[in-house]
Amino acid sequence: MAKEIPNLVATARTGTGKGAARQARRDGQVPGIVFGGDADPLPINVPFNVLLKNLKAGRFKSTLWNLQVEGQEDVRVICRDVQRDVVKDLPTHVDFMRLRRTSKVALFIPVEFINEETAPGIKKGGVLTVVRPEVELEVTAGDIPDHITVDLAGMNVGDIVHISDVTLPEGAKPTIDRDFVIANISAPSGLKSSENEDGEEAAEEAAAAEE
């Protein structure tokens, strides 16, 4: 299933230079520029409150946006830079790059776990520990997966899910070049305590034997 691309609404900025940018900020806008994609750079203004909200939500620079500017065709963009005020740490300028549908882009894709209720390890009281609720993948801009799926069927206590265990969407690949852990099924806390106590007793007995 393709991931729904969020909209980001902006307006075309008339005039360029520091004067136009300062006026935009006085009007509650953040000046920006859209470049790339075999088209001329387009100066824009993004509502300050909208941009700040999205920045606080996280992953702004690794999210593909559907940029909507009145009088222009919608275009898919990714943020390449956000300049901030050195004192207030608030956005003062933003740069976006246009992407074609065939462009490759690195995005964080949510991980969905299925068959948790039937996993033998969970039935025994084991706990699913999620190390990576999202995985950064290099994907095609025109075919972004909504999520990747981890099937827990048959997994027992102590089993580990690596990225190599997951069937990724066609054309997608991890940005990290190693077989990293996504999740594992750990022992119940009661069993862990019992094992720790047994280990401590064994250590004490070994120490006494050495004396």
Query - Check: Ser164/Asp179 side-chain N/O donor and acceptor closer than 3.5 Å - result: yes

(Q) Does either side chain, that of Thr175 or that of Glu136, offer a donor lying less than 3.5 Å from an acceptor on the other one? (A) yes

Is there side-chain contact between [X] and [Y], with at least one heavy-atom pair below 4.5 Å?
X      : Y      : value
Val75  : Glu73  : no
Val131 : Asn184 : yes
Val130 : Phe113 : yes
Leu99  : Val77  : no
Ile163 : Ile182 : yes
His93  : Ile33  : yes

Quick one: pull up [atom1] in [X] and [atom2] in [Y] and give me the separation to the nearest 0.5 Å.
X      : Y      : atom1 : atom2 : result
Trp65  : Asn54  : CH2   : CG    : 3.5 Å
Ile78  : Leu107 : CD1   : CG    : 5.5 Å
Leu137 : Lys104 : CG    : NZ    : 10.5 Å
Asp143 : Thr102 : CG    : OG1   : 12.0 Å
Asp95  : Gln83  : CG    : CD    : 6.0 Å
Leu55  : Leu51  : CG    : CG    : 4.5 Å

Hits for salt bridge (charged side-chain N to carboxylate O under 4.0 Å, His left out) against Asp38, two or more places apart or cross-chain, chain-then-number order -> Arg100

Minimum heavy-atom distance between [X] and [Y], given as atom pair plus value:
X      : Y      : value
Ala21  : Pro31  : CB-CG, 3.9 Å
Val30  : Thr92  : CG1-C, 3.7 Å
Val82  : Pro91  : CG1-CB, 4.0 Å
Ala172 : Val139 : CB-CG1, 3.9 Å

Linking I/L/V/M/F/W/Y whenever their side-chain heavy atoms sit closer than 4.5 Å, directly or via other members, would [X] and [Y] fall into one cluster?
X      : Y      : value
Val166 : Val135 : yes
Phe60  : Phe35  : no
Val181 : Val161 : no
Val111 : Ile109 : yes
Val150 : Ile185 : yes

Can you establish whether the number of heavy atoms outside Glu117 located under 6.0 Å from its atom CD is more than 12?
yes

More than 12 non-hydrogen atoms from neighbouring residues, nucleotides or ligands closer than 6.0 Å to CG on Asp177, yes or no?
no

Counting only N and O atoms by type, is there a donor-acceptor contact under 3.5 Å from the side chain of [X] to the main-chain atoms of [Y]?
X      : Y      : result
Asp85  : Val87  : yes
Asn115 : Thr118 : no
Arg76  : Leu64  : no
Ser186 : Val127 : yes

message = Using side chain to side chain contact (heavy atoms under 4.5 Å, CB included), reason through Ile122 and Leu152 one step at a time and then give a plain yes or no.
response = CA-CA 9 Å; Ile122 302 295; Leu152 300 174; 5.5 Å; no

Do Leu42 and Arg98 pass the side chain to side chain contact (heavy atoms under 4.5 Å, CB included) test, and can you show the C-alpha distance, the side-chain angles, and the key distance before you say yes or no?
-> CA-CA 10 Å; Leu42 174 66; Arg98 299 182 185 95; 3.7 Å; yes

Test log, rule side chain to side chain contact (heavy atoms under 4.5 Å, CB included), inputs Ile148 and Leu168:
CA-CA 7 Å; Ile148 62 174; Leu168 298 177; 4.2 Å; yes

query = Checking Arg132 against Phe180: charged group under 6.0 Å from the ring centre and within 45 degrees of the axis?
reply = yes

Quick note, salt bridge (charged side-chain N to carboxylate O under 4.0 Å, His left out) partners involving residues 41-62, not counting sequence neighbours, are Arg59-Glu134

Give every donor-acceptor pair under 3.5 Å between a side-chain atom in residues 5-14 and any protein atom, sequence neighbours left out.
unit_1 : atom_1 : unit_2 : atom_2 : d
Asn7   : OD1    : Asn66  : ND2    : 2.8
Arg13  : NE     : Ile44  : O      : 3.2
Arg13  : NE     : Asn45  : OD1    : 3.4
Arg13  : NH2    : Gly32  : O      : 2.8

Open item on the list: Set out, in order, the CA-CA distance, both residues' side-chain angles and the distance that settles side chain to side chain contact (heavy atoms under 4.5 Å, CB included) for Arg25 and Asp27, then state yes or no.
Closed with: CA-CA 5 Å; Arg25 296 186 188 103; Asp27 294 339; over 6 Å; no

